[in-house]
Structures are given as structure tokens and as C-alpha cells.
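First the structure, in the form of C-alpha cells, and then the observations on it.
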Amino acid sequence: MRSISFGQATVEATAAAMREDETVVVAGEDIGWGGNFGQFKGLLEEFGPKRVLDMPISEALILGSAVGAAVTGLRPVASLSFVEFTMGAMDEIINQAAKFRYMFGGQVSVPMVVRASDGVLRSSGAQHSESFEAFFSHMPGLKVVAPSNPADAKGLLRSAIADDDPVIYLENKKITFRKGEVPEGDYRIALGEASVARSGSDVSLITYSVMAQHALEAAQVLFEEHSVEAEVVDLRTLVPLDIESVLTSVAKTRRAVICHEAWTFGGFGAEISSQINEHLFGELAAPVVRVGARSAPIPFSPPLERELVPEASEVVEAVLRTVKL
Amino acid sequence: MRSISFGQATVEATAAAMREDETVVVAGEDIGWGGNFGQFKGLLEEFGPKRVLDMPISEALILGSAVGAAVTGLRPVASLSFVEFTMGAMDEIINQAAKFRYMFGGQVSVPMVVRASDGVLRSSGAQHSESFEAFFSHMPGLKVVAPSNPADAKGLLRSAIADDDPVIYLENKKITFRKGEVPEGDYRIALGEASVARSGSDVSLITYSVMAQHALEAAQVLFEEHSVEAEVVDLRTLVPLDIESVLTSVAKTRRAVICHEAWTFGGFGAEISSQINEHLFGELAAPVVRVGARSAPIPFSPPLERELVPEASEVVEAVLRTVKL
Amino acid sequence: MAADFKDMETNWEAYRKLFLIRAFEERLETLFAEGKIPGFVHTYIGQEAIAVGVCANLRTDDYITSTHRGHGHAIAKGIDLNGLMAEVFGKVTGICKGRGGSMHVADFSKGILGANGIVAAGTVIAAGAGLSIQTRQEDQVVVCFFGDGGINKGTVHEAMNFCSVKNLPVVFVCENNQYAQFTSRKLTTSVSDLSLRGAAYGMPAVSMDGNDLLEVVEVSQKAIADARVGMGPTLVVADTYRFGGHYVGDPQAYRSKEEVAQSRRRDPLLLFENHLILQGLADKEALELERESILELVDKAVAFAEQSEYPEVRSVIDYVFTDVTEK
Amino acid sequence: MAADFKDMETNWEAYRKLFLIRAFEERLETLFAEGKIPGFVHTYIGQEAIAVGVCANLRTDDYITSTHRGHGHAIAKGIDLNGLMAEVFGKVTGICKGRGGSMHVADFSKGILGANGIVAAGTVIAAGAGLSIQTRQEDQVVVCFFGDGGINKGTVHEAMNFCSVKNLPVVFVCENNQYAQFTSRKLTTSVSDLSLRGAAYGMPAVSMDGNDLLEVVEVSQKAIADARVGMGPTLVVADTYRFGGHYVGDPQAYRSKEEVAQSRRRDPLLLFENHLILQGLADKEALELERESILELVDKAVAFAEQSEYPEVRSVIDYVFTDVTEK
Ligand SMILES: Cc1ncc(C[n+]2csc(CCOP(=O)(O)OP(=O)(O)O)c2C)c(N)n1
Ligand SMILES: Cc1ncc(C[n+]2csc(CCOP(=O)(O)OP(=O)(O)O)c2C)c(N)n1
Ligand SMILES: [Mg+2]
Ligand SMILES: [Mg+2]
């Protein structure tokens, strides 16, 4: 299979959706020129400015108009180049998009996708480095997707655009340029299904987005250097959460390490940890451990940034602490 | 001691702070007329319109200007009558207030309080009934306070206004009019200290805000009807979290039920549950249980609303399930 | 009064709608006082001519976005009265199956994209509906209702700029009823002539007497017609006054009884009634009969709502998602 | 060129600042290309006359809010050069101890309330600083710098309305450099004359040639003086052009080389240099000497930054709160 980047895979998924369904439009700042990470390359040329909309710096308008368009016949894909910019449009996400279907008694669905790049990338600083999936996944009515590799990116984005509910689709910046094998053609992955990215019997690494890649690296190190066999469960979708896959894996390994780049405190990992503990009480060999960022805004200085957010080595350490028990 | 309402207690704390420190100002929509829940009664008369500011319907401005004022010599108390309106000012909370001190290397502190009413009150509907403490407590740099009774409201608000960091102060609507004994004079409760609102040996109810009241009612029922002795730990402050008090209680009772009105999924209870499980692994007699709202926007219709959000009876049921184990 | 409607039926229809809104809202006041309505209720009394006059120029497939004070807009745009009443009661027969309530009435089949509890949230949603029309190359129009308090929200700015840049078929109708909750407009708004806000976007802007139905019809007719033929958005400021409190039960300490009494002299319903009589278009008896039949409709709607059931509690999670159901 | 500065020293000082900003930014371009600067860097090249001209009218205790393109504002307002350079390197000797970086330089002791990575975030912060001045009954002034792209953010609307209502001492300086990232202003903004945005708030608004230092000084002098004596806010639109890419490394496919070359003919630095020479206020040699001494300052700042240490990793949690330390 050909190998393409995460960014290319998302262009492919978007273009395929736009070709198939003329109600799909893409709106965002500076997307006509291909987007900060090349996620829109070629779309303006192929689909023209009526379907690839360069928007003013008006995030509330970008997401609010997506809601208005979604309930009147379009399938908008609204893009914010950094997830922090969603903060200027939270009313539109939390009070509008998420609630319309429910509070209007099922009269409408809100088929829109909010794409945003998140995560730490080389000293982007406190306002361009964060991961906010915990915000979105707490709000009923939103689906939340966070792929870790190009193939999943293509398959999940395709499904997200086809989905009738509002989907928050989070693209991690650190892996945007990484390549991987991606099926050609109309490739889709159902929302809400985790994948076992690596099998193992000693410990379950429950993860998503960039940390799924770090978890795979960690699993390799654990195997080669410590003879520990780690299973990596890549959630891919946080809402709806495939808790069955998580529980199946942890029931087998009896040890779980949850890994995400977002702050540990109040992070999505807490939900997973709580559910594992609720369901597998008394069956675990070690406490469920969370690997995430320490509680501070993301610092600019490279050594501080590296200290704050976890990568593979933190996962290895956490697993070694866990398997010793 | 005299008994006054939650609302009166907060007026008392605000007025005391304003008398003591002339840099304290209060800003919000319609506060000159006393506020939706009477939380500002008499302030305009006593302190005048330069310190009690009726603001335009511009939430980003209300909170953003609080940041600007806080770093240039004032101690603003910015008020939004329903917590949902913070969604129009999340950039100012998450990207500005929370980060200023850290990203500017400690040059400034941001002494401001964001007050907002949250929670379910008699069919206020999907956009006026929610509890968003999980959002705020995930963001490093914000302190989060959620009192459950008039005395705590007075003591905590006084400390929040005196605090040099941004504090999100959440007043639950359902208990705004409830009365309780409140000390006169300069009464303060340090942020970050939980209180054991009732002692017990069979199970720990970890809670805050309105659910602390429901937990106390539940504890009474459990004692009278089921001879179960529940200990109620009222967190009062979510950030900084007094995890020691939680662990001390749960280490003793070996059973924990976490109660909040917010959605269970991704809620603050998940953080508490995770930490209990991390620290007390193998020492618990039953899984940690969470009692919170089911995952839907808050419905208007009274029976649906009552079905979605927990009160005392749900706590009783959860405890009974837990103590049977 | 400005130009007449062209035919009698339109006159009658307008009168019926004006009175229906008034009767509906007054009934809600009673029902609320009797404890029959949950939540809080914001009535449209005094502003009826705006919704009725504007919507007289709209087709069923045109859209409106509305506010927390949305019953009048919904009725003017043709919402089913029983469904509206039952919704305000929180019954399963409500237009939103009881999940929305007074602040969230909507009827997408009539182009009513929802009342909204967040001030000025409808502005950006209207912009999106306008974009959708333009993309689909239809000749529909969107009317975005919002208040004089709402005009200071950032969303208004973002929406107006965008609609102007893209030349979208959106008419912004600002209902200038002098107050936002308990605060006078003068305290919080930098210009007293709200139509000055249009020029900032290169958008035509016009003020009108919002209590004069025929003036509303005429002014909004032009704005809507322009939008429909691709001439882009207009800002229409409708000067009016809120006769009731901000919500039912509001003690209204922030304004004098005299001020309210004064404003009631320009009751939009009476103004139009007088016009019909003076022009010989209707007589008092005929109007009286009409009102009675409307009051009956309202009675029936109340009976319908009262006899309806509340939603079943086991349905509480329905409609969160289109496809996910709780296990 | 408009009126002259009153004395020679002020002329020299302005020239020094203009050139210092230019030299600083050009050095960053080199350092970035060499991989010595982490993150991304937005340079102020071509817009120097705006910050320098505006800040020439400010006192140290006046405030400014800035943008992602903030080095020029900070230098003009008097930030310590070594601290600024070390910050951009992420060193512990940086003005923000390496935690901020290029997009978050700030010096509160000089009234610099921060560069900001969120477009137009400074507008509402500036409003708050203005409110603070008014409450404290001081005669300070706030200048809020923002861009032609930023003007469409809702925060601009909310801030301008409020400053106007409260008559706050805030001057809004919109730097109209024709682009927001890779998008021409014309694509996204409803009016081509941005000063039209002032009237919506009853706020005086004026446009000026942002590349003409003396015009900037004169126009902003009036706005700042008005604000200082309680005459309220002004919107000042400074027309200019961004010589460099949006960030260092931007391939700039969205505009032609000719357009950039054309704009460079009106280089604010050369315009002022010519003015000084033509008016006989300075000769080429003196200016050359001055430039050399400034280049030395920049060299020293780079050396300072390069020799400084990174922050210690165990300090990573410091400064989150004033009083809470991690256990
Ligand atoms: C974003 C937001 N802020 C505040 C409120 C509270 N609130 C509800 S109605 C209202 C006043 C609205 O005034 P206006 O826009 O003039 O409409 P009117 O009530 O006069 O019809 C306010 C402040 C809200 N619902 N949403
Ligand atoms: C709220 C927000 N939206 C988008 C961005 C991404 N962004 C950074 S700079 C910029 C363009 C800003 O244009 P302008 O205001 O004209 O300033 P200039 O870069 O021209 O100085 C954009 C869109 C951002 N930083 N913040
Ligand atoms: Mg009003
Ligand atoms: Mg620009």
C-alpha cells in the first residue's frame, strides 16, 4: 500500500466526501491556501470558492454559521487551525451545536464537523499547544474523534463528515507530517470503535491521538528491553467510547496505563480510569495509572515543554512501575 | 447564630471585601438591580456605579476587561448570571486569565473572581441549567470553588476575592435561597480545604455544591432507615483539591460514592475516583461509584429533568448498592 | 400608518396574528401565576407588530432565528399553536416533545430555526442559514430577530460582517424595546441610533416604528425583497417597548409605572385596530367576533396541553444523538 | 511628512527605535533560519513607524496591549532588549523566564500587558486596563494594537462599545497591513475603509499613513491626548504593509513579488531617514554610526541570549499559581 502523510490522508477523505456529496462545504481561515498543515491542499482548486470558504477571523461566526448551515441542508466542515481558537466559539459548540437536536425534540440533526489541530509541536507556546478533548467529551451531544495515524485519519474523517451529529475531529500537530500506509478509495472506519494496535498480555496501554504512537514506541522498548508485552488499545473515538474494547483488554492483562498528552488532572483519562475501576473492581493486579501532562500551561522553552508533556519514555516508566506490582 | 440565605451571605462577603479594599469592583449584567438571585442587593447603593458596574451583554468584554483590570491594579469580581454564558468568554478564561501568570513568567498575578450561577433549577432548560466545573478544573491556572451552604459561601467568597489568582466561583441556583447559620463579621475559609460535613464509618460521600446538601439528606435517610453511617466530605474547593481529606475518609470507610449534579461522563467525579483508586488500590471494599447526571442536555419537562439529574434518593440507592458488596 | 395591505384577507390575517400573540401571551401570564407553567416565561406583549409585520413578507420556506422572547416570532411564522402551548407546558405533544420549553420553541418545518436562550446566538446561525441558501442557489431569505441588548454581543459583529462580505440573504431585525432585562439601553450602548451599526459593515440600515404594523410591513418588505434578489443583508431597527416585565413575575423596579402607561398608549394592536376601523376595513363587531374565535383557539390549545402527557422518563436520553442509544 | 518633532533628541530617539526594531527582526530571521529560535516568529518589518510613532506619545506608566506580532510594540514601549531576545530563545533570563516565547513577550513594569497569540484578545484586556485607570482616577492611557484581520473578531465590537459607553482612555490602533495570514483583507472584510467601524460606537475614527512616522506621531498624539484628558476612545487606522511573510519561512504564494517590491518603496525607515537628511537634521554618516551602534546592541543581546541557560526543568510548575506549589 502507498504511504502518505496524515495531512494528505485528511485531504483525501475531505475531497472524497465533497465529490460524493455536494452539500459538503469546508470553511475556515486561510484554507484556500492549503491550511497551516496542508490539510486543505488542492480543495479550492477542485471545488471552488463556493465550497471552500476562506472565512474572516471570526470563530463564533465560523462555528455558529456551521450550525445554521447544518440545519438547513449543508454538511459543513468547519476548521480552526489551533484548538485554542475554539475557545472563542464555545457558545456555538456547547450551547448550540451539541444541544440543538435534543432541545428541539429530535426535529433536526446537526451534521457538522469541527476540525482543529491540537497538541504540542515544537514550542508553539501556551496558546497554541493544548489538547481540549476533555472539554468536548464532557458535553452530551458531541462526538469526539482523535486519530493517531494516517489510515485512521482518512477512515474516521470520512465517517465524521457522513455522520449526522456534530463531531469534534482533533488532528494532532506533531503527527500531521508523519506517513503511514493508507488504503485508496472510499475507506471508512466507524465512529466508536477502538482498535487493538498491538497485542500483548502483560499490560494494557489505553490511548489515542499522538500518544498512541508514543505508546507503540514504548511497547517496542518494553518488549525489547524489558520483555514486557504491552497491548495498545487505540480508542480513536472518545465519544461514543468503546469501553468494551478497553475492558476486554484490561480484563486480560489486569494492568492498565492510560496515556494522553492533555493534562492528567481532570483529563479524559480520568473517565477511562474510573470506568475500568468500576467494572473490573477486584480483578486488577495493579492500580490504573494515568500518564499525561502536568498541570501548567504549556511552556515555550524547549526543555520545559519536554518536561511537561509525556512521550514514550514516560509511558515506559509508568508501565515498569505498574508491572512490578 | 443568625440564619441567612446563601444569596445574602454572598452579598455580605462581597460588601465586606469592598469596604476593606477599594480596588475591589463588581461587574456584570443587571447587577445594579440586585442580580437575578439577589446576590448584589444593596451594593450599588453603598458603593456607587464606579464600583458596581452594569455591563453590556458582552461576556467576552466582561471577563476580558476583568483580566485587564486585574493586572493593572483592581480586584474585579466579574459576574455572569448563568454559567452557560461563560461559553461566550472562554477565550478570556482559558487562554488569558488562566495563563497570564505562567506565560509571562510570574510578572503578574491575576486577582479576579468569576462568579456564575450553575445547576438545575425548576425547568430552566438546556441553556440555563448546567454545571461546568469539569471544564474549569481541567485548566491549570484557575482555582475553582463550589460552596454548598451559606456559611461556606461567605467564607469562601471572601477568600476568593482576596486571592491573587483567578478563581471561578460557582453558586448553585437550587440552594441560593436556602438559609443557614452564618458567622457575622470577617469570616473566611481558606481555599483548598474540604470539610467533613458529617462523620460516619461505613461509606464516604465525596461531594460539593448542591449535592453536598443532597448527600447530607441521604446520609440521614441511610442512618435512620438503613443503619448505614455515611461520612460526608464536602470538597468546597475543587482546585486546589484537598485530596488528603478525601483519602483519609475513604481509607477509613473503604467505600466511596462521589456525587455531583454535572454529567457523570467526563465529570469532575472521574478525577476524584481515579485518584482514590490510584492511592487506595487494594484497600477498598467496593468499587468507587459516581452519582451524577446522565449524558444529555438538561431537558425542560419537569419529569425528564428530575430523571436526568440526581438528588438524595439516587445517593441513597448508590450507597445501598455499595455497602452490600 | 403607511401603505395598506393590498387585500382584505391580508389585513384580517395580520389582525388575527397580532391578537393571537397577545392572547397567547396573556394566557401564559395567567397560567404561570397559577403555577401551571414550569421554568420562566418572557412575553412578547407590545412588540407583536414587528414579528407579524416582518413575517407577512416571508414564505414558509424562509427561515427565522429567534430569541428568548420567541413565542411571537414563532406564531407569526406559523408554528402549530397546540404544539407551542404543549411545549411551554413541557408535555410530550409539545413541538419539541417537552425537551425545549418556552425558551427553545422551534419548528423546522416552518423555517423556525429556534428560539434561543443565549442572547444574539441566532445571528451567527442566521448567517449560516444564509450561506446555505446561497450555496444551494435558492431564493429563500433569513430573518434574524435580536434585541437592543443583544446588539452589543460580539456575535452580531461577526455575523453582520460576514453576511455583508458574502452578500447573504439575511435581514437583521433589531427589536429596540429600550431594555435588556432590568437595564436601560442608554447605560450600555454607545450610540442611541442603533441603525448607525449598519454602516460599519457597508450594510443598508433603517429605523422604523415597530408598533406601526403597516410601517413594519413596508420597511421589512423592501429589506426582504432585496435579500431575495441577491442584494444582500439589511439592518432594520424596530423601535418599540416591552409592555410586560422581562419575565412574567418581574417586579419592574427599574422603570416607572408612568413610563409603562405612556408606552401603552401606542399599543400596536389598538393602532392597527383603529386603522382598520377608520379606513372602514372592519367594524368593531367583526373584530370582536374574530377575537372571540381566537380566544377559543387559545382555550383549545390550553386544553390540549393540559390533557397531554409528560414525556416518559425512560425516554430521557432519546434525541441526544441520531444513532447512539444508551445501553 | 507632517509636523516635525520639537527637538533633535526626539528625532534621534525615533530613528534609533525604528532601526532597532528592524535590526532585531532581521536578526531573528537569520537566527530562525539557523535553527536557533524555537516556535514560530512573526516579524514587524515594514510597520515600525506605527509602534514607534504611537509610543513616542506614551509615558512609561501608560499601557499597551499587543498581538502575535509584538516585538516592535514591545521595543517601542521600552522593553529590555536582552530580556526580549533571551525570551525569544526560551532562556531563563528572558523577560518571561522562557515560558512565553515570541508570541507572549510582556513587560508589566513598562506597561506592556503582553503580546498575545489570540487575535484581538488584547482589545477587551485594554478595555479593562482603561476601566482600571478610570476607577483609580489616574491620567494614564492605554493603546490597543490589533490588525486588519483582527478587526472582524467579536471582541473588537464588545470592547469598542464598552470603551465608548464608559468614555475610557483607550486608543485603538488598527494596523492595516492588508493581510491576515495568507488572506487578503478584501476577501473577509465588509468595508474597505476600516475607519467606518468607529461611527458604529460614536467613536472618532481617523486613518493615517502608517509608514510616515511623523504622521503617525501627529495623529496618535491627538488621540492619546484626548484620551488622557477624559475625552474617551479613538479608533486610529494605520495603513501599512507587511514586508515579510506572515511568519518567518512563509513561502508567500498568496501575493506577488511585484506587490511586495512595490510596497517596499515606501519603507518607513527610509522615508524617515530621507526626511532627516533632506531637512538637514542628520547626515548619512551620523546615521550610519547610529545604526552600527544599534547593531552592536543586537549582537550583544544575541550573545546574552545564547550564553544564558534554559530554565531548570524542575521549575516547570512554578508560576502557575501565586501560592500553590506542586507536592
Ligand atoms: C449571552 C447571554 N447573556 C446574558 C443572558 C441573560 N439575558 C437574558 S435576556 C437578556 C436581555 C436581552 O435584552 P434584549 O436583547 O434587548 O432582548 P429583550 O429581552 O429586550 O427582548 C439577558 C441579559 C443571556 N440569556 N445570554
Ligand atoms: C482567535 C484567533 N484566530 C486565528 C488565529 C490565527 N492567526 C494568527 S495571526 C492571524 C492573522 C492576523 O491578521 P491581522 O490581525 O491582520 O494581523 P497581522 O498578522 O497582519 O499583523 C491569524 C488568523 C489566532 N491566532 N487567533
Ligand atoms: Mg431589549
Ligand atoms: Mg494584517
Side-chain angles (χ1 to χ4, degrees), chain A residues 27-36 38 40-41 44 49 53-64 80-82 84-89 91-92 120-130 173 263-265 293-309, chain D residues 37-40 68 87-92 94 96-104 115-121 147-156 179-185 187-190 246-247 251-254 309-321 324 326:
Chain A
E29 292 155 28
D30 308 289
I31 63 174
W33 290 101
N36 278 10
F40 303 97
K41 249 205 183 110
L44 178 66
L53 290 132
D54 268 321
M55 303 294 273
I57 308 178
S58 304
E59 281 79 12
L61 175 277
I62 295 173
L63 297 200
L80 300 185
S81 38
F82 292 83
E84 282 87 350
F85 309 160
T86 58
M87 294 297 104
D91 186 65
E92 290 65 32
V120 166
L121 177 66
R122 285 186 276 105
S123 294
S124 300
Q127 293 172 331
H128 289 71
S129 299
E130 293 159 303
K173 293 194 282 291
W263 300 294
T264 303
F265 190 90
R294 292 167 67 187
S295 287
I298 315 295
F300 171 78
S301 187
L304 294 186
E305 184 188 73
R306 180 62 192 83
E307 173 71 10
L308 197 84
V309 302
Chain D
I37 309 280
F40 27 101
H68 56 288
E87 188 58 34
V88 176
F89 273 77
K91 297 299 181 75
V92 70
C96 304
K97 301 201 172 60
R99 278 158 174 76
S102 163
M103 259 195 300
H104 306 294
N116 207 307
I118 302 295
V119 166
D148 56 317
I151 205 166
N152 295 323
K153 270 293 271 186
T155 43
V156 173
Y179 287 89
Q181 294 202 134
F182 326 125
T183 302
S184 161
R185 180 168 48 75
L187 258 181
T188 56
T189 307
S190 56
H246 170 60
Y247 50 78
Q252 302 178 59
Y254 50 87
E309 303 290 330
Y310 285 114
E312 293 193 49
V313 294
R314 66 187 158 77
S315 75
V316 67
I317 296 296
D318 292 358
Y319 309 122
V320 177
F321 291 112
V324 186
E326 212 178 60

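Letters A, B, ... are given to chains in the order of the sequence lines, protein chains preceding strands, and every chain is numbered from 1.
Between Tyr254(D) and Phe182(D), the two ring planes are tilted [angle within 30° to 60°].
Contact of Phe89(D) with chain A is made through the backbone alone, with heavy-atom distances under 4.5 Å. Contacts between Ser102(D) and chain A at a heavy-atom distance below 4.5 Å involve the backbone alone (N, CA, C, O). Both the backbone and the side chain of Val316(D) come within less than 4.5 Å of a heavy atom in chain A. In this structure, the portion of Met55(A) lying under 4.5 Å from any heavy atom of chain D is its backbone and not its side chain. Looking at Val88(D), only its backbone comes within 4.5 Å of chain A, counting heavy atoms on both sides.
Counting heavy atoms from C-beta on, the side chains of Glu59(A) and Glu29(A) come closer than 4.5 Å.
Most heavy-atom pairs under 4.5 Å with chain A: of the set Leu187(D), Asn116(D), Val92(D), this distinction falls to Asn116(D). Ranked by heavy-atom pairs shorter than 4.5 Å toward chain A, the options Arg314(D), Met103(D), Arg185(D), Lys91(D) are led by Met103(D).
You'll find the ring centres of His104(D) and His128(A) outside the 6.0 Å limit.
Between the CD atom in Gln181(D) and the CD1 atom in Ile57(A) there is a gap of 7.0 Å [rounded to 0.5 Å].
The side-chain contact (heavy atoms from CB on, under 4.5 Å) with Thr189(D) is formed by just one residue from the set Asn152(D), Thr183(D), Asp148(D); it is Asn152(D).
Donor-acceptor pairing under 3.5 Å is lacking for the side chains of Thr188(D) and Asp54(A).
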